[in-house]
Amino acid sequence: MSHMQPSLPSSATETRMVDMVFPDQTNHYGTLFGGQALRWMDMSAFITASRYTRRTVVTASSERVDFHMPVQQGQLVELVSRVTATGRTSVTVDVEMFAEDLLTGARELCTRGRFVLVALDEHRKPTAVPPLLPEPGAE
């Protein structure tokens, strides 16, 4: 008998995280280090995949990360992650990172990335994940 979580549509898998960019997270231009952005994005993807599978997950790859705009020191960063696909043992999570001005509320998409995580069983072997359901109302 499987104890796998029930399948969910992508809209039900969304995770949002908010952080603030402090001076120790920026380069000499006062913009967020790319490595810090990747760290936050991977963490957000990990949390999203873990909640979806209710399993131990590990990052298998970051398929593509595009840096559109720099994030300035003192801005808020919001990461929005969703499961967009599932394989037999893998979960694909798309992560968008928005920069937000704390005082004006102006927001823009800064970075977008795709991460693939693999679910593991208690023996640290890849294990099946629930398939992603189509969105309600989708054909």
Side-chain angles (χ1 to χ4, degrees):
M1 175 108 170
S2 173
H3 64 283
M4 197 165 16
Q5 288 294 109
S7 302
L8 297 169
S10 185
S11 60
T13 70
E14 187 173 281
T15 300
R16 290 178 176 261
M17 296 170 51
V18 176
D19 216 318
M20 185 157 190
V21 180
F22 290 103
D24 66 333
Q25 299 164 325
T26 64
N27 58 31
H28 59 290
Y29 299 116
T31 60
L32 182 67
F33 280 122
Q36 180 64 45
L38 290 170
R39 180 179 184 275
W40 281 335
M41 293 174 80
D42 187 36
M43 189 179 306
S44 184
F46 169 83
I47 290 168
T48 302
S50 296
R51 289 172 83 192
Y52 179 76
T53 63
R54 297 297 174 186
R55 293 272 191 189
T56 299
V57 297
V58 292
T59 303
S61 71
S62 55
E63 291 189 343
R64 179 175 182 142
V65 177
D66 293 313
F67 294 89
H68 302 286
M69 301 279 300
V71 181
Q72 304 297 322
Q73 175 184 316
Q75 287 186 308
L76 294 178
V77 169
E78 183 174 17
L79 296 113
V80 181
S81 302
R82 277 187 175 195
V83 175
T84 55
T86 54
R88 195 179 69 73
T89 62
S90 66
V91 176
T92 301
V93 180
D94 284 356
V95 182
E96 292 179 320
M97 188 170 80
F98 297 89
E100 179 179 322
D101 185 281
L102 185 60
L103 301 180
T104 68
R107 283 169 55 95
E108 49 190 337
L109 176 66
C110 291
T111 309
R112 175 181 280 139
R114 176 167 288 165
F115 296 79
V116 177
L117 298 97
V118 174
L120 303 178
D121 65 16
E122 55 278 357
H123 305 291
R124 299 261 183 219
K125 301 290 183 211
T127 190
V129 300
L132 192 64
L133 292 178
E135 286 295 327
E139 301 189 18

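Excluded from the calculations below are hydrogen atoms, water molecules and symmetry mates; all remaining heavy atoms, backbone and side chain alike, are included. All residue numbers refer to positions in the sequence shown, counting from 1.
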Residues that Phe67 engages under side chain to side chain contact (heavy atoms under 4.5 Å, CB included), provided they are two or more places apart: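 Expected list: Ala37, Leu38, Val65, Thr111.
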ILVMFWY cluster, Val71 and Met43 together (side-chain gap under 4.5 Å):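 Val71 and Met43: one cluster.
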Determine whether Arg124 and Thr56 make a side-chain contact, defined as any pair of heavy atoms from C-beta on separated by less than 4.5 Å.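 Counting from C-beta outward, Arg124 and Thr56 do come under 4.5 Å.
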Please tell me if the side chains of Pro130 and Tyr52 come closer than 4.5 Å, counting only heavy atoms from C-beta onward.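 Yes; the side chains approach each other to less than 4.5 Å.
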Under 3.5 Å donor-acceptor, [X] side chain and [Y] backbone:
X: Thr86; Y: Leu132; value: yes
X: Thr127; Y: Leu120; value: no
X: Thr48; Y: Ser44; value: yes
X: Thr59; Y: Ser61; value: no

Is the closest basic N to carboxylate O distance between Asp66 and Arg112 below 4.0 Å?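 No.
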Electrostatic pair Arg82-Glu96, nearest N-O below 4.0 angstrom: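 Answer for the salt bridge query: no.
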Testing Val77, Val80, Leu109 one by one against Met97 for a side chain to side chain contact (heavy atoms under 4.5 Å, CB included), which residue passes?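 One option only clears the test, and that one is Val77.
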Pick from Thr15, Asp42, Leu79: which one makes a side chain to side chain contact (heavy atoms under 4.5 Å, CB included) with Val95?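 Looking at Thr15, Asp42, Leu79, the match for Val95 under the side chain to side chain contact (heavy atoms under 4.5 Å, CB included) is Leu79.
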Answer yes or no: does atom CZ of Arg39 have more than 12 heavy-atom neighbours from other residues, nucleotides or ligands under 6.0 Å?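 Open.
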